[in-house]
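A, B, ... follow the sequence lines: proteins, then strands. Residue 1 opens every chain.
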Amino acid sequence: MDNKQLAEQLFPQLKYTLGGIQGLYPRRNLPSGAHVTRLGPSPTGFIHLGNLYGAFVDERLAHQSDGIFYLRIEDTDDKRLVAGAVDMIIDALDFFGIHFDEGASKTGDIGAYGPYAQSRRKEIYHAYVKQLIALGLAYPCFLTEDEIQEIHQYQEAEKANPGIYGIYAKHRDLSMDEIQHHLSQGHPYTIRLKSGGNHDLPQDQIRYIQVEDGIRGSLSMPENNQDVVILKANGMPTYHFAHVVDDHLMGTTHVIRGEEWLSSLPIHVELFEKLAFELPIYCHTAQLMKLDENGNKRKLSKRKDPELSLGYYKEQGYHPLAVREYLLTILNSNFEEWRLANPEKSSEEFPFTTEKMSSSGALFDMNKLNDVSKDTLAKIPANLLYDFLLNWASVYQPDAWATLKNAGPYVEKILDIGRKDEKPRKDLISASQIFDFIQYFFDDFFIIEEPLPPEVSSEDAAEILKSYGQTYDPTDNQSRWFEKVRTIAAELGYAVKPKDFKKNPDLYKGHVGHISTVIRLALVGRSQSPDLWEIQQILGKEKTLERIKKAAF
RNA sequence: GUCCCGUUGGUCAAGUGGUCAAGACGUCGCCCUCUCACGGCGGAUUCAGGGGUUCGACUCCCCUACGGGAUACCA
C-alpha cells in the first residue's frame, strides 16, 4: 500500500475532485488593482470595537478599489456557535455603515464562491487533505490527548519547544501496517501536516521565510516546523487549513487580521506552498488596547470589556458616522490632516492605505471620540439628527421618545441653535447627551437644577424676574433684549458690564451676568445654556412668561 | 521557558542620518464674552535605557528593560 491508496482508503468517494473544485471557483473577473477582502468571524455573535476596526480596513480596501468584500462564517468549532450570531454580526456592522457585497447574509448565501460557512465546506477541505496525503505531505495521527500531554510535559522538562514536530511527531512515519492496525481498531485520528521545516539544524541553517506584510513591511521568521493538525478527528478543518483553502478558492487578495495571527504565519505560508496556492497579501493590524487595572496596556477582551462592545456605543447614542470618523483617525495617521483639508467630503473619499496604519496597538481614547463626535454632529442637518435621536430614544429612553415623537419641528429648531453661525456651536456628542442637553425645552423634563449665584439674594431674584416679566417683549431683537437686561441690572445695583464690576467690586452687588443667570435659571433650570434670546424664540412667549412667573428661589 | 511583534509628551501620532522633533485630543493660562459651547493666542509635557556605526543619530546595528501576542483536535 502506498500514500495514494491510503488517501483513497481514508477519503473514499468524495463529492469533489480537485479539478471539479477548481472549475467551481474560477478567477474573479475584476478590474486590475481590485482588492478582495473578507471578514471571517466565528459565530459567537459578539463584536467589539476591535472587530469593527479590522472590518473597516477590509471594507475600505475592497470598496475603494472596486473590489469585493465578503462575509465568511468561520464555524469550524461547534463550541463557539451561538444562535442568531450571523444576524447579530451583520446588524452590528450595518449600523456602522459596513456592508458586504457577498457571502453569508440574513437570507442565505449571496455570491458564486460559496458556501460561505466553513461547516458547509467539509467535502472541499477533504479533497485537499486527500491530495496532501496522497502526496505524502500529510498523515493520519492517532496520538491520544494523554499522549500529547505526555509529550508536552517531556518537552517542558527538556526545555524543548512544545508541539508535535521532528522526533515528537511519533506518527508521522508510521508504516502502512501500523496505520491499518490503528484503523482496524477504530482509533480516532487527526490529519497532520508533514512539515518540511527542521529547527534542529544549526542556527544559521534554519530556513527563514520572508513575507511582505501590507502594514508591517518585510517580515522574516523561521519557517514552520510543526506538524499542525489540519483536519480534526470530527472531520472539520482547523482554522489554519480552512483559511488557506478558502482564501485561495474565494479569491481573497488581502487577508486582514489581528496581529495575534502573526506567530502562525509560518504555518500558513507552508500550507500555501504545499498546496501550491498563491500567497495573498497579509495585513496584520495592531490590536486596539485598553488600560487595565494596573495601568498596563491590554488587548481588548470580549469577556472583560463589555463597555467596548459595539452595543455600548449604540446605547450611548454615538452616531455611526462619528464612530467611523474616529476609527479612521486611529486607522490612518493622515486622516485628520485630510479631514481638515476636506471638511465637507464623505470619509469614503479618503484614500485609505495600509502603509499609513500603525503597527503598534492604540489605546482607545474616549476624549478623542467625543471631540470627533462633536465635529461630526455639527455637520449633520437638524432633521437627520432628529431622526437619529428619535430612533435612539425609541429603544433606550422611551419616555423621551414619547415626548420627542410629536415635536419634530420644535426639536429641529432646538438642535439648530447656534449651529448655522460662522462659528457653529459644537456641543452635541451622543444621543443620550443630546437629550440631556435639551430636555429643559419640555415641561415634563424641566426642573430648576441649580441654586442662585451667591451674588443674588432671593429677594433680588424675585425682583429681577418681576421686572423681566414686565419688560419682556418677544418681538425684541437680540440686542434690544439684552439692553433691557442691562437696564434691570442697573436698577438693582448691578454693574452693566462685568469689567466694571471687576474694577470696582465694592460699588456693585454683582454684574449683568448674574442677572442673566437668574433669568437663565428660571427658563432652563441651569446656569449654563446656549443663547437665552434664541431659547426664548423657540420656547415662545407663553412658556417663557409662565416659567418666569413660576420660578421660585 | 521558547518564538514573534512592538516602544516619539497623559492619549493618537508625523518623522525614514543633519528638523528650533509637525499636528490633533486632553490639560493650564490669556483673549472674545451675560453663562456655556465655538473660535483665537500662548504655555507645560516626548524620542525607554546602554553601547556601537558615523563628521552627525528619533532615524542604522547590538544588548537590556518594559509592553503585547503566540505556544490547542479555539478562532
Output one line per pair: protein atom, nucleotide atom from nucleotides 72-75 of chain B, and distance, for all N/O pairs under 3.5 Å.
residue: B:C73; atom: O2; partner: A:A233; partner atom: N; Å: 2.9
residue: B:C74; atom: OP2; partner: A:K232; partner atom: NZ; Å: 2.7
residue: B:C74; atom: O2'; partner: A:D77; partner atom: OD2; Å: 2.8
residue: B:C74; atom: O2'; partner: A:R80; partner atom: NE; Å: 3.2
residue: B:C74; atom: O2; partner: A:R80; partner atom: NH2; Å: 2.5
residue: B:A75; atom: OP1; partner: A:T76; partner atom: OG1; Å: 2.4
residue: B:A75; atom: OP1; partner: A:K232; partner atom: NZ; Å: 2.8
residue: B:A75; atom: OP2; partner: A:Y239; partner atom: N; Å: 3.2
residue: B:A75; atom: O3'; partner: A:E74; partner atom: OE1; Å: 3.0

Subject >> Sugar-phosphate only, base, or nothing, as touched by A:N370 at under 4.0 Å among non-hydrogen atoms >> reply: nothing

**OP:** Treat a base pair as Watson-Crick or G-U wobble with both distances under 3.5 Å, then lay out RNA chain B in dot-bracket form, 5' to 3', with | for cross-strand pairs.
**Re:** ((((((((.[[[..)..(....]]].(((((.......)))))....[[[[[..)....]]]]])))))))....

Original post:
Should the ring pair A:H182 and A:F142 be called parallel, tilted or perpendicular, given that the plane angle runs from 0 to 90° and is split at 30 and 60?
Top reply: parallel

Subject >> Residue met sooner reading RNA chain B from 5', once A:W481 and A:S333 are mapped to nucleotides >> reply: A:S333

Original post:
Taking the nucleotide of RNA chain B with the closest heavy atom to each, which residue, A:I330 or A:K423, is nearer the 5' end?
Top reply: A:I330

Original post:
Using 4.0 Å as the upper bound for N to carboxylate O, is an ion pair formed by A:K423 and A:D421?
Top reply: no

Subject >> Carboxylate-amine/guanidinium proximity below 4.0 Å for A:R72 and A:D247 >> reply: yes

Please list, one pair per line, the donor and acceptor atoms closer than 3.5 Å that link side chains of residues 484-498 of chain A to other protein atoms, with sequence neighbours excluded.
residue: A:K484; atom: NZ; partner: A:T471; partner atom: O; Å: 2.7
residue: A:K484; atom: NZ; partner: A:D476; partner atom: OD2; Å: 2.6
residue: A:R486; atom: NE; partner: A:V496; partner atom: O; Å: 3.2
residue: A:T487; atom: OG1; partner: A:E483; partner atom: O; Å: 2.9
residue: A:Y494; atom: OH; partner: A:E455; partner atom: O; Å: 3.2
residue: A:Y494; atom: OH; partner: A:D460; partner atom: OD2; Å: 3.0

Please list each protein N or O that sits under 3.5 Å from an N or O in nucleotides 3-8 of chain B, with the distance.
residue: B:C5; atom: O2'; partner: A:R216; partner atom: NH1; Å: 2.5

Subject >> Audit row: A:S529, A:R520, side chain to side chain donor-acceptor pair (under 3.5 Å) steps and yes/no >> reply: CA-CA 8 Å; A:S529 81; A:R520 179 167 276 114; 2.8 Å; yes

Original post:
Is atom CD of A:E147 surrounded by more than 12 heavy atoms (other residues, nucleotides or ligands) closer than 6.0 Å?
Top reply: yes

Identify the pairs formed between an N or O of the protein and an N or O of nucleotides 23-30 of chain B at a distance under 3.5 Å, and give each distance.
residue: B:A24; atom: O2'; partner: A:E336; partner atom: OE2; Å: 2.7
residue: B:A24; atom: O2'; partner: A:K368; partner atom: NZ; Å: 2.3
residue: B:C25; atom: O4'; partner: A:K368; partner atom: NZ; Å: 3.3

**OP:** Could you tell me whether the side chains of A:R257 and A:H284 share a donor-acceptor contact shorter than 3.5 Å?
**Re:** yes

**OP:** List the protein contact pattern of nucleotides 57-62 of chain B with one symbol per nucleotide (5' to 3'): B for base contact, S for sugar-phosphate-only contact, - for none; contact means a heavy-atom distance under 4.0 Å.
**Re:** ------

